[in-house]
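So the structure is just underneath, and the comments pick up after that.
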Amino acid sequence: MEETSRDVLSFDGAAGDGFELCCCCNQAARVEWSTGQLAAEPELVSPSSEAMVYGLPIVIRPLRQQAVRMPAVVKFCDLWLYGSGLRFPGARMSPGQSSRCVAARVAALGAARSATTDVSPPYKMKRRRSLGFRVSVELPFSSSTMAAPSTEIFHATATAPVNIAVIKYWGKASTKLNTPTNSSLSVTLSQDDLRTITTASCSPSFESDALWLNGAAHDVSNARSQACFAELRALRKAKEDKDQSLPPLSTYKLHLISENNFPTAAGLASSAAGFAAFVRAIADLYELDESPTELSRIARQGSGSACRSLFGGFVAWEKGSRNDGYDSVAVQVAPESHWPTIRAAILVISDAKKGVSSTSGMQATVATSTLFPNRANTVVPARMDAMKKAIAEKDFESFADLTMADSNSFHAVCLDTIPPIFYMNDASRAAIRVVEEINRCAGKKVAAYTFDAGPNAVIYYDESNQDIVLGALRKGTADVPGWTEKQPHITACLPEGFNEAVLAPLSGNVSRVILTGVGSGPLKVPKQQALIDEQGNPRPAS
Ligand SMILES: Nc1ncnc2c1ncn2[C@@H]1O[C@H](COP(=O)(O)OP(=O)(O)OP(=O)(O)O)[C@@H](O)[C@H]1O
Ligand SMILES: C[C@@](O)(CCOP(=O)(O)OP(=O)(O)O)CC(=O)O
């Protein structure tokens, strides 16, 4: 099958088997039905029936008018033309779609290899509703000999970014709705360095919903993936109900193929980028008109932090107050262009899968930490306001103070959980000391550390202070991968008076650095770069 343009679809049988079905609608508004020999013997084609749809001519042409000896494998065609007004004697019509779109189903009939058949009266159409019609082109063969169903595959591909919170989400108000106990705020990181790419595809031939993550089948039977599928399908269904010209994608099973270009489940927000790409790619496939904030309501149900990855720049997830979670959504606080000089250095201390997942860790904290209510109800709401102000004013010192204080508060409630949860390790604590020492030597806050549910340090800084921040970090991490590719000119150097002793526990414990900056929200990927081939099989990202 080949999609030759937005409005023209052509379906080919395998070489020499049966016939080719070609559907052109809207601009061309022409349907051709012919055997596989059509290309070789074009003179054999002659029009047999014509009709007008919205003033556009529809022509259906069988290869031969009279008795036809069908070649090799015979096909069954079920061809939908959408519009109204088509008239054929004995026509059978059904609710259809506008003249913009033609969907066709072509199935091979395995057995009728040498059947001699009269195909001259193959058209049966009947009006069912005033709007729309179906043209069924039926060959007079037993359906028991029908083989493969349609293999038509619809797909769309999107990338989505990682976000690293500066005011952390930790605690669920409702585990069912995946709503948080407090609002949170994050910086979206550049997709040049960290990104998920996901192709969402659907087809009448797919038998079940499925996800392949980094080349391996990944479970989607969990309630979170199912909630995302259900919500997105409901939006598509509503669209299809309004515009019957649309192909019924909401009824097809979905296959998702996804790749993260960074460690999965290691405290680097893979679930955020992963579910944002999941939702964005399906929304694109379904051609949904919902805004990123509306889609964030769905992504939130996949993974809370994912709702913030639907935007670039600086993003708040407002916890909301409704019982149904409807207003628990992400909003952009400022686009990346507002403060494009914000950079991040990620020290990858471990990319192993973490011991306690965010999901279970935060539930244990809510259930057992006595410090937690104060954090969720008093500390964070005040910090959210202060952080928005710091971002609006591009006040790095306040941004840094709030970021570091909130990371420490989050890890404090983890330690206060019974049994205690330790996400940071000795190297993480060394990174904190290095940042404190950089700031002390600079005489102001030029760097800010934050840690998610893992040991890796994310250090924010403004580009204007790059040399002092990266110079010290490079000194502490020697020649690990990531430096020369991105910042070859940064030399390891320490500011005057720097206490070198704080570097020792870092050295040897950082496996690589990722140097990145604030970036954009999800992006559409051209069809040619989809992670599936034309048969619907996964293929690696180029
Ligand atoms: N590309 C993806 N598509 C769909 N789901 C994904 C994708 N990447 C990750 N996930 C889901 O997210 C899970 C990992 O989430 P988890 O919260 O444990 O780690 P993390 O997001 O990397 O870390 P953190 O949230 O603490 O920063 C994976 O097991 C998988 O279910
Ligand atoms: C520490 C965090 O990164 C926690 C992220 O938790 P998740 O969003 O992964 O949790 P679930 O909603 O259960 O999937 C802080 C943050 O990103 O705000």
Side-chain angles (χ1 to χ4, degrees), residues 158-175 177-189 194-200 210-216 218-225 227-229 256-282 299-309 315-317 319 328 330 346 350-366 380 403 406-407 409-411 413-414 421 423-424 450-456 458 531 541:
T159 61
V162 158
N163 71 77
I164 298 292
V166 287
I167 305 292
K168 305 290 186 195
Y169 149 53
W170 197 253
K172 294 176 197 295
S174 160
T175 48
L177 300 169
N178 212 29
T179 48
T181 48
N182 59 262
S183 298
S184 56
L185 200 149
S186 58
V187 180
T188 297
L189 300 184
L194 300 167
R195 57 111 190 93
T196 293
I197 179 168
T198 298
T199 293
L211 163 69
W212 288 266
L213 173 54
N214 298 330
H218 197 83
D219 176 46
V220 284
S221 65
N222 54 80
R224 292 172 173 216
S225 303
C228 294
F229 283 141
L256 303 183
I257 299 143
S258 187
E259 286 181 16
N260 300 330
N261 72 346
F262 60 93
T264 298
L268 283 175
S270 68
S271 61
F275 273 101
F278 179 119
V279 169
R280 187 68 263 180
I282 298 175
R300 182 200 84 223
Q301 294 169 60
S303 179
S305 52
C307 71
R308 299 185 311 239
S309 277
V315 188
W317 172 13
K319 79 181 176 99
S328 185
I346 304 175
S350 164
D351 58 13
K353 201 171 178 337
K354 61 197 174 202
V356 181
S357 74
S358 308
T359 306
S360 60
M362 66 177 80
Q363 284 172 239
T365 300
V366 173
V380 169
T403 298
D406 200 71
S407 176
S409 155
F410 152 50
H411 288 278
V413 295
C414 289
I421 306 168
Y423 286 123
M424 290 193 289
T450 187
F451 297 80
D452 271 358
N456 304 320
V458 177
L531 303 186

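Order of listing sets the numbers, starting from 1, for every ligand and every atom in it. Note that the structure is predicted; figures quoted are calculated from it, not measured.
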Check whether any side-chain heavy atom of Asn214 lies under 4.5 Å from a side-chain heavy atom of Asn260, and answer yes or no.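 Yes, side chains in contact.
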* Do Ser271 and Ser305 have side-chain heavy atoms sitting under 4.5 Å apart? ->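 Side chain of Ser271 against side chain of Ser305, heavy atoms only: contact under 4.5 Å found.
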Specify whether Tyr423 and Trp170 have parallel, tilted or perpendicular ring planes, treating 30° as the upper limit for parallel and 60° as the lower limit for perpendicular.
->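 Correct class here is perpendicular.
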Query raised in the report: Should the ring pair Phe278 and Phe229 be called parallel, tilted or perpendicular, given that the plane angle runs from 0 to 90° and is split at 30 and 60?
Result: tilted
Heteroatom distance test ([X], ligand 1): nitrogen or oxygen, under 3.5 angstrom:
{"X": "Thr264", "value": "no"}
{"X": "Ala269", "value": "yes"}
{"X": "Thr198", "value": "no"}
{"X": "Ser357", "value": "no"}

Residue [X] vicinity, atoms of ligand 2 by number, heavy atom under 4.0 Å:
{"X": "Ser271", "value": "9 (O)"}
{"X": "Phe410", "value": "1 (C)"}
{"X": "Asn178", "value": "12 (O)"}
{"X": "Ala453", "value": "1 (C)"}
{"X": "Arg224", "value": "11 (P), 13 (O), 14 (O)"}
{"X": "Thr359", "value": "11 (P), 13 (O), 14 (O)"}
{"X": "Ser305", "value": "5 (C), 7 (P), 8 (O), 9 (O), 17 (O)"}
{"X": "Met362", "value": "6 (O), 10 (O)"}

Considering distance alone, does some N or O of [X] sit under 3.5 Å from an N or O of ligand 2?
{"X": "Ser184", "answer": "no"}
{"X": "Gly304", "answer": "yes"}
{"X": "Asn163", "answer": "no"}

Treating [X] as the side-chain partner and [Y] as the backbone partner, does any N or O pair qualify as donor plus acceptor under 3.5 Å?
{"X": "Ser174", "Y": "Leu177", "answer": "yes"}
{"X": "His411", "Y": "Met424", "answer": "no"}
{"X": "Thr198", "Y": "Ser258", "answer": "no"}

ask   = If you measure from each heavy atom of Trp317 to ligand 2, is any distance below 4.0 Å?
value = no
**Request:** Examine ligand 2 and decide if any of its atoms is less than 4.0 Å from a heavy atom belonging to Ala269.
**Result:**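 Outside the 4.0 Å threshold, so no.
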Atoms of ligand 1 under 4.0 Å from any heavy atom of Thr196, numbered from 1 in the order shown, are 1 (N)
For ligand 1, which atoms sit closer than 4.0 Å to a heavy atom of Ala453?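 Those qualifying, in numeric order: 26 (O).
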Looking only at the side chains, is there a donor atom on one of [X] and [Y] sitting less than 3.5 Å from an acceptor on the other?
{"X": "Thr359", "Y": "Arg224", "answer": "yes"}
{"X": "Ser270", "Y": "Thr264", "answer": "no"}
{"X": "Lys319", "Y": "Ser184", "answer": "no"}
{"X": "Ser409", "Y": "Asp406", "answer": "no"}

- prompt: Within less than 4.0 angstrom of ligand 1, does Ser358 place any heavy atom?
  reply: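 So Ser358 counts as touching ligand 1.
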Checklist entry - Within less than 4.0 angstrom of ligand 1, does Glu259 place any heavy atom? => result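 Glu259: no contact with ligand 1 (<4.0 Å).
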Output, in order, the C-alpha distance, side-chain angles, deciding distance and verdict of side-chain hydrogen bond (donor to acceptor under 3.5 Å, both in side chains) for Ser183 and Trp317.
CA-CA 6 Å; Ser183 298; Trp317 172 13; over 6 Å; no
Have a look at ligand 1 and work out which part of Ser258, if any, has a heavy atom under 4.0 Å from it: side chain, backbone, both or neither.
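For Ser258, the contact with ligand 1 is made by the side chain alone.
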**Prompt:** Under 4.0 Å from ligand 1, counting heavy atoms only, is it the side chain of Leu268, its backbone, both or neither?
**Reply:**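 For Leu268, the contact with ligand 1 is made by the backbone alone.
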Practice prompt. For Leu268 and Asn456, run side chain to side chain contact (heavy atoms under 4.5 Å, CB included): C-alpha distance rounded to whole Å, both residues' side-chain angles, the deciding distance at 0.1 Å, then the answer.
Written response: CA-CA 8 Å; Leu268 283 175; Asn456 304 320; 3.8 Å; yes
* **Working for side chain to side chain contact (heavy atoms under 4.5 Å, CB included), residues Thr196 and Phe262** => CA-CA 8 Å; Thr196 293; Phe262 60 93; 4.2 Å; yes
Is Ser358 touching ligand 2 with its side chain, its backbone, both, or neither, if touching means heavy atoms under 4.0 Å apart?
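Near ligand 2, Ser358 shows its side chain, while the N, CA, C and O stay back.
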Nearest heavy atom to [atom] wins, so pick from [options].
{"atom": "atom 11 (P) of ligand 2", "options": "Arg300, Gln363, Lys172", "answer": "Lys172"}
{"atom": "atom 10 (N) of ligand 1", "options": "Ile197, Val279, Leu213", "answer": "Leu213"}
{"atom": "atom 16 (C) of ligand 2", "options": "Gln301, Arg308, Lys168", "answer": "Arg308"}

Check: Does the pair Asn163 and Ser309 meet the rule for a side-chain hydrogen bond (donor to acceptor under 3.5 Å, both in side chains), with working shown?
Finding: CA-CA 6 Å; Asn163 71 77; Ser309 277; 2.8 Å; yes
Protein residue, atom and distance nearest to atom 15 (C) of ligand 2, heavy-atom basis |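 Of every protein heavy atom, Tyr169 O, 3.3 Å lies nearest to atom 15 (C) of ligand 2.
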Which heavy atom of the protein is the closest neighbour of atom 14 (O) of ligand 2, given with residue, atom name and distance?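 Nearest protein contact, heavy atoms only, for atom 14 (O) of ligand 2 is Ser303 OG, 2.7 Å.
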- Item | Derivation of the side-chain hydrogen bond (donor to acceptor under 3.5 Å, both in side chains) call for Arg308 and Ser186 | CA-CA 7 Å; Arg308 299 185 311 239; Ser186 58; 3.0 Å; yes
Between the CG atom in Leu531 and the CD1 atom in Ile197, the distance rounded to the nearest 0.5 Å is 4.5 Å
